Amino acid sequence: MSFFTGTTKMVNTSPIPDSADGHKVTKEAAVALLQDHVFFLKCDPHYVSHRSLAPEQPDANVDARTAKQAYQLPAGLEPVGSPAVKLYEVVDHVPNPVWSSSVVSKEEFVDFKDGLWVRIQSPLAIVMETKWTIRERRGGEEEGEGEEGVLELVEEVDISCSKLLLGIVKAQVDTNWKGIHAKIVGRLVEDAKKGKTEE
């Protein structure tokens, strides 16, 4: 890692409530929604468009084992589905003092048992790796005892970029995460109310 490169980690968590009329959101439905890549991409407030990309080395994406090596996926991440890594070119409109208004990024999506892992490679050597997980809510002193079977959405973000840009990138994540979580959770609750997530 370069002396001029900075890194930071962030964790954002949102509870997933049942619908107002008592319909329960299941873990299976929540994971399936995260793995709806088109829906997921459109949750970003800066989203403009996307297109699927073919792998540069088709043989590297044949199965999970070869994809993990070829794409240098994190240890412990076990892809499900085929292809193991889905590639997208994504255009975002990002108004800020550094980038132009249209930012084109390459994004790698990996479905796994409990959610979705995404690597975003943007201009100016900005790399974000985010693990989106659906899990049972964990209790704590601040949250109380928690409740068995109550789900939460967990977003774990690793950012790597120039130290000069790190504050800007971190601020964008801070600004956007609540809105993105609200769209995902809101859709889950809406689907539960319609009976789409019943076990």
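Note that this is a predicted model, so its numbers are computed, not measured.
- A 4.5 Å side-chain heavy-atom check between Thr8 and Leu166 finds at least one atom pair inside the cut-off.
- Side-chain atoms of Ser160 and Thr5, non-hydrogen and from C-beta on, do get closer than 4.5 Å to each other.
- In the hydrophobic clustering of this structure, Leu124 does not group with Val104; members are Ile, Leu, Val, Met, Phe, Trp, Tyr whose side-chain heavy atoms approach within less than 4.5 Å, directly or through other members.
- Annotation: the span from Leu87 atom CG to Arg51 atom CZ amounts to 11.0 Å, rounded to 0.5 Å.
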**Request:** Could you go through the side chain to side chain donor-acceptor pair (under 3.5 Å) check for Asp191 and His23 one step at a time?
**Result:** CA-CA 9 Å; Asp191 285 350; His23 288 86; over 6 Å; no
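- In this structure, NZ on Lys42 lies 10.0 Å from OG on Ser49, to the nearest 0.5 angstrom.
- If you check the side chains of Asp44 and His46, you find no donor sitting under 3.5 Å from an acceptor.
- Although no hydrogens or angles enter the test, the distance criterion places no donor-acceptor pair under 3.5 Å between the side chain of Ser105 and the main chain of Glu107.
- Side-chain contact between Val110 and Val118 is absent, with no heavy atoms from C-beta onward closer than 4.5 Å.
- Here salt bridge (Lys or Arg N to Asp or Glu O under 4.0 Å) pairs that include residues 57-81, with residues two or more places apart or in two chains, are Lys68-Glu78.
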**Message:** Assess the residue pair Val127 and Ile120 against the criterion (side-chain contact (heavy atoms from CB on, under 4.5 Å)); give the C-alpha distance rounded to whole Å, side-chain angles, the decisive distance to 0.1 Å, and a yes or no.
**Reply:** CA-CA 6 Å; Val127 178; Ile120 302 173; over 6 Å; no
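- Leu53 and Val85 fall within the same hydrophobic cluster, defined by Ile, Leu, Val, Met, Phe, Trp and Tyr side-chain heavy atoms under 4.5 Å apart, directly or through other members.
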**Request:** Show the numbers, then the answer: is there a side-chain contact (heavy atoms from CB on, under 4.5 Å) between Glu155 and Ile180?
**Result:** CA-CA 10 Å; Glu155 173 193 11; Ile180 294 171; 5.8 Å; no
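- For Lys27, the NZ atom counts as densely surrounded, since its 6.0 Å shell holds more than 12 non-hydrogen atoms of other residues, nucleotides or ligands.
- The shortest side-chain heavy-atom distance between Gln172 and Val94 falls under the 4.5 Å cut-off.
- Pairing each heavy atom of Pro15 with each of Arg137, the nearest pair is CB-NH1, 4.4 Å.
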**Request:** Test Val154 against Trp132 for side-chain contact (heavy atoms from CB on, under 4.5 Å), laying out the working first.
**Result:** CA-CA 6 Å; Val154 183; Trp132 297 81; over 6 Å; no
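- Asp158 has no carboxylate O lying under 4.0 Å from a charged side-chain N of Lys131, or vice versa, which leaves the two without a salt bridge.
- Residues Pro79 and Leu73 have side chains in contact (heavy-atom distance under 4.5 Å, counting atoms from C-beta outward).
- Rounded to the nearest 0.5 Å, atoms CE (Met128) and OG (Ser122) are 7.5 Å apart.
- In the hydrophobic clustering of this structure, Tyr88 does not group with Phe112; members are Ile, Leu, Val, Met, Phe, Trp, Tyr whose side-chain heavy atoms approach within less than 4.5 Å, directly or through other members.
- Distance alone, capped at 3.5 Å, places no donor-acceptor pair between the Lys178 side chain and the Thr175 backbone.
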**Message:** Would His50 and Glu89 count as a side chain to side chain donor-acceptor pair (under 3.5 Å) here? Give the steps.
**Reply:** CA-CA 5 Å; His50 76 277; Glu89 180 183 88; over 6 Å; no
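- In this structure, OG on Ser101 lies 11.5 Å from CG on Asp92, to the nearest 0.5 angstrom.
- The shortest side-chain heavy-atom distance between Thr7 and Ile159 does not fall under the 4.5 Å cut-off.
- A heavy-atom distance below 4.5 Å is not found between the side chains of Glu152 and Thr133.
- In the hydrophobic clustering of this structure, Tyr47 groups with Leu116; members are Ile, Leu, Val, Met, Phe, Trp, Tyr whose side-chain heavy atoms approach within less than 4.5 Å, directly or through other members.
- Here Leu151 contributes atom CG and Thr26 contributes atom OG1; the two are 8.0 Å apart, rounded to the nearest 0.5 Å.
- In this structure, Lys183 fails the cation-pi test against Phe39, since its NZ or CZ atom is not both closer than 6.0 Å to the six-membered ring centre and inside 45 degrees of the ring normal.
- Side-chain atoms of Gln35 come within 3.5 Å of backbone N or O of Gly115 as a donor-acceptor pair.
- Contact annotation: the side chain of Lys9 never approaches that of Val157 to less than 4.5 Å [non-hydrogen atoms, C-beta and beyond].
- Not less than 6.0 angstrom separates the ring centroid of Trp117 from the ring centroid of Phe109.
- Screening residues 118-128 for salt bridge (Lys or Arg N to Asp or Glu O under 4.0 Å), with sequence neighbours left out, gives Glu108-Arg119, Arg119-Glu129.
- Summarising the geometry of Ile126 relative to Val169, their closest heavy-atom pair is CD1-CG2, 4.0 Å, with the distance given to 0.1 Å.
- Residues His181 and Ser14 come closest through the heavy atom pair ND1-OG, 2.7 Å.
- Residue Ile134 holds its CD1 atom at 9.0 Å from CG of Asp114, rounded to the nearest 0.5 Å.
- Summarising the geometry of Val25 relative to Pro17, their closest heavy-atom pair is CG2-O, 3.6 Å, with the distance given to 0.1 Å.
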**Request:** Tell me, with the steps shown, if Ile184 and Leu153 meet side-chain contact (heavy atoms from CB on, under 4.5 Å).
**Result:** CA-CA 9 Å; Ile184 295 170; Leu153 171 65; 4.1 Å; yes
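- Hydrophobic clustering (ILVMFWY, side-chain heavy atoms < 4.5 Å, transitive): Leu77 and Leu34 are in distinct clusters.
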